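Letters A, B, ... are given to chains in the order of the sequence lines, protein chains preceding strands, and every chain is numbered from 1. Only a predicted model underlies this, so the values are computations on that prediction, with no experimental measurement involved.
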Amino acid sequence: MNRTKGDEEEYWNSSKFKAFTFDDEDDELSQLKESKRAVNSLRDFVDDDDDDDLERVSWSGEPVGSISWSIKETAGNSGSTHEGREQLKNRNSFSSYAQLPKPTSTYSLSSFFKGRTRPGSFQSLSDALSDAPAKSYAPELGRPKGEYRDYSNDWSPSDTVRRLRKGKVCSLERFRSLQDKLQLLEEAVSMHDGNVITAVLIFLKRTLSKEILFRELEVRQVALRHLIHFLKEIGDQKLLLDLFRFLDRTEELALSHYREHLNIQDPETRKEFLKTCIGLPFSAEDSAHIQDHYTLLERQIIIEANDRHLESAGQTEIFRKHPRKASILNMPLVTTLFYSCFYHYTEAEGTFSSPINLKKTFKIPDKQYVLTALAARAKLRAWHDVDALFTTKNWLGYTKKRAPIGFHRVVEILHKNSAPVQILQEYVNLVEDVDTKLNLATKFKCHEVVIDTCRDLKDRQQLLAYRSKVEKGSAEEEKIDAILCSSQIRWKN
Amino acid sequence: MRYIANLVNADKVAGRTRRYKVIFSPQKFYACEMVLEEEGIFGDVSCDEWAFSLLPLDVDLLSMELPEFFRDYFLEGDQRWINTVAQALHLLSTLYGPFPNCYGIGRCAKMSYELWRRLEEEEDGETKGRRPEIGHIFFLDRDMDFVTALCSQVVYEGLVDDTFRIKCGSVDFGPEVTSSDKSLKVLLNAEDKVFNEIRNEHFSNVFGFLSQKARNLQAQYDRRRGMDIKQMKNFVSQELKGLKQEHRLLSLHIGACESIMKKKTKQDFQELIKTEHALLEGFNIRESTSYIEEHIDRQVSPIESLRLMCLLSITENGLISKDYRSLKTQYLQSYGPEHLLTFSNLRRAGLLTEQAPGDTLTAVESKVSKLVTDKAAGKITDAFSSLAKRSNFRAISKKLNLIPRVDGEYDLKVPRDMAYVFSGAYVPLSCRIIEQVLERRSWQGLDEVVRLLNCSEFAFTDMTKEDKASSESLRLILVVFLGGCTFSEISALRFLGREKGYRFIFLTTAVTNSARLMEAMSEVKA
């Protein structure tokens, strides 16, 4: 199309034909006029070819230069996909800004700016599209080229959410404004499906700054819970801690940080990590527990190293007789105490592995201490130690046996460790409650105790009944007989 | 997902080309896709979904085998499985027709119900016009009744589950049970005739029953002495196999019983049950607390100790501060300091809480309300009610008569109410609720109970016209347990069914018991 210079000047100077801009609505009328003219001129050029599988949609009066027309063409070009068909139906949603500047026509703006133009027909619109704009070098003001809607993904938030629930592929990209995003989230939450909520949150996490995201989620509890769980699962510890910090959930922050220690296998590293946990905003009691955890591990490392050395040296009797079955690292406190009572009972308070030291450091209550020490010494059959545990001297110098845990417990533990009958008997005798005493004595065959108790209770029948349980001709039988014959006792039954 | 990604990426680095297929069951989550994408293997891996949602474990028991449901929802608040439940229900309704009467209680119940109804509407037409075969459906959240789930079970099936762990309807009996040197995996369902007769019975009856059966069996065997050839032939071809089968099953179950009894005696079961009953009834709380303390001191079992503490907490509306602190310290000392995390989980789930003085509650409330916009006010009430979930167990127990008044001995052989599943001491709350609602066909008259359960917004009914439902179908009730159900509850409801002429079908996200519940909450793998 060769224009003479003169024509162009004329064109330029004419006020009717304004430079084409991408201004929309206000220019509509002039656009329309231009388009109409373009159409009229184009009729000569247009080739009705449908080698691209275009749906022959009637133009319904839509001018060539308009969006709907170009969109149809584009849909055809991109290979009619299922989406394509759908979007053809959704034409109406497009706003009316023109996509093409102008087709090459007599009314085209400054072919002055154009490069080689092709005369004649449009073989396909892609040509037209690429032709016209590509060859136009004039900078144009208007909507960004990127906003050409050449695909349709037009589902509303509720439709999108519905698709997500079914597991369908759904690009959430079009929800760009904050309002849209939040609306999408609301829809997801009202659907109740956690998978969908998480999917939306994944999208929001990617496309929103964390401050905005946090701020919005702060007032949306359900979504917030899903985000927290999601972050936990994918292991995004950093963002999770940031979130807790933002929400001022100090305790959860501390716990979340503390939880990490479970992933650390090496004792030294774990110990160092625990040290960093001490200053965290736990509640007062929990802070004490964390401190104890650290101290415990610290101790265990020392004891373990020491004992391993002793064991391999082979000089210490206790390790030879009862080789260690497992390391003491990461064991609970009570287990550590048991270990210490087992292997280091006689040590003075000053050493790290002495039981007394442990008791003092961790403020172990008497009850627990006695129970554990008893279990350990009983296992070693160290009956003297057991005795010593319970023996106290009163102010007159007499010894007496007392226990913070109830002697019935003591008896059970002794029995479990196969204590000799005499020892058992001694402790059964110390049980205060008479019924319990009798029960235990019978259970553990402490004949003397049974006999004595029956006598004290003046229960003849029971004594008689018990007689059949003892060995014939044994000392116990004789004793029973002696008592039964005794005239000094006023039997109840 | 990361594990898979590591495998694939390792192969890539080593230059191996392979094809990978990942099968997700029951469904693939978007988070999984994200990880695959992130790790750069999205294109290398092809994904399939195996939408297996319902496993029939027995003639009346359907399990979704989703034990993670409990922790995911009740601890983390993640609603990911609600869709799975809705899908399963949709499947059932396409098979059996619509459910004319729906009842439910609980937040998750309501959400599952709503999503399910939405599904039904979308897939319109599949169930319309069909005759309903199941007349009622009842949705129940696990957190409506933690107490029942935490109690020790004493019906045979429950005991077997507690002792040996029944997985997917089958159990592994070790050598001590099979009296041989091999272990045996046994399928436990209604097909096992022996099992079917004893499964719902209180344990005290079981041994007697089994011995009697053994005697009968022996008598049958002995018949062969007096037989002639023809009779013998008949006997061998027709009866012997059956007898042998029965004999095998009998000896297995007798072995199981013996094993259970041995274990329980060792654990001092008697004492344990006594404490549990005291907690349920509200007597001797101090004594029970000391018992728990001792249990912890002796390092008996971390799961059991936890269970008892939770039971105490729920029945008493939380532990008093002194007890909470002291028991917690002792627990950490006995079982490991890392259980600090377990305690935090239990507190969040409402299983083990500290009694809060009134002021503390208001302080939190005012702080939280500052953050709330009007729009989200409803949502914050939700969150807050879970924060402040008060148990009110005693009040509910009184209102619903959960502790039966017994004059004389409670006959466990011929039980007269559902309390027999706990030796007559306690009627399971969940079962009682179902019983009451079914009787009234609505929540009428139960407002007080619902309020005490903190569920005023979450109790619902939905009745459609019943003209299409046959009377047969109206006796069939589908109970949906969200979060798991125990064998004790199943036995109790079976009993109720026999009494009232209903038939119950159970749909649960998983079969559970107290140990599984505690393990799910434990942060440290015990």
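Residue contact with chain A, scored on non-hydrogen atoms closer than 4.5 Å, involves the backbone and the side chain of B:Phe29 alike. Interface residue A:Leu262: only side-chain heavy atoms are found under 4.5 Å from chain B. Proximity to chain A (any heavy atom under 4.5 Å) is restricted, for B:Asn345, to the side chain, taken from C-beta onward. Proximity to chain B involves both the backbone and the side chain of A:Asp193, based on heavy atoms less than 4.5 angstrom apart. Interface residue B:Met34: only side-chain heavy atoms are found under 4.5 Å from chain A. Heavy atoms of B:Arg298 lying under 4.5 Å from chain A belong to its backbone as well as its side chain. When heavy atoms are compared at a cutoff of 4.5 Å, A:Ile290 approaches chain B solely by way of its side chain, counted from C-beta outward. When heavy atoms are compared at a cutoff of 4.5 Å, B:Thr329 approaches chain A by way of both its backbone and its side chain. For a residue to count as touching a neighbouring chain, one of its non-hydrogen atoms must lie under 4.5 Å from one of that chain's; by this rule A:Leu255 touches chain B with backbone and side chain alike. Both the backbone and the side chain of A:Ser190 come within less than 4.5 Å of a heavy atom of chain B. Contacts between B:Gln87 and chain A at a heavy-atom distance below 4.5 Å involve the side chain alone, from C-beta outward.
Taking chain B as the reference chain and counting heavy-atom pairs below 4.5 Å, the highest number among A:Ile364, A:Leu333, A:Val196 is found for A:Leu333. Ranked by heavy-atom pairs shorter than 4.5 Å toward chain A, the options B:Glu76, B:Glu294, B:Glu338, B:Gln27 are led by B:Glu76. When each of A:Asn195, A:Leu296, A:Thr372 is scored by its heavy-atom pairs under 4.5 Å with chain B, the top score falls to A:Asn195.
The aromatic rings of B:His295 and B:Tyr291 lie tilted to each other, with the angle between the two planes from 30° to 60°. Using bins of under 30°, 30° to 60° and over 60° for the plane-to-plane angle, the ring pair B:Phe74/B:Phe69 lands in the tilted bin.
In this model, a donor atom of one side chain and an acceptor atom of the other lie less than 3.5 Å apart for B:Glu354 and B:Ser321. Counted by atom type alone, B:Gln330 and B:Asp297 present one or more donor-acceptor pairs between their side chains at under 3.5 Å.
The aromatic ring centres of A:His257 and A:Phe273 sit less than 6.0 Å apart. Between A:Phe175 and A:Phe203, the distance from one ring center to the other does not fall under 6.0 angstrom. You'll find the ring centres of B:Trp81 and B:Phe70 outside the 6.0 Å limit.
You'll find the side chain of A:Thr160 stays beyond 4.5 Å of the side chain of A:Val200, heavy atoms only.
Exactly one residue among A:Leu243, A:Leu241, A:Leu201 makes a side-chain contact (heavy atoms from CB on, under 4.5 Å) with A:Leu231. That residue is A:Leu243.
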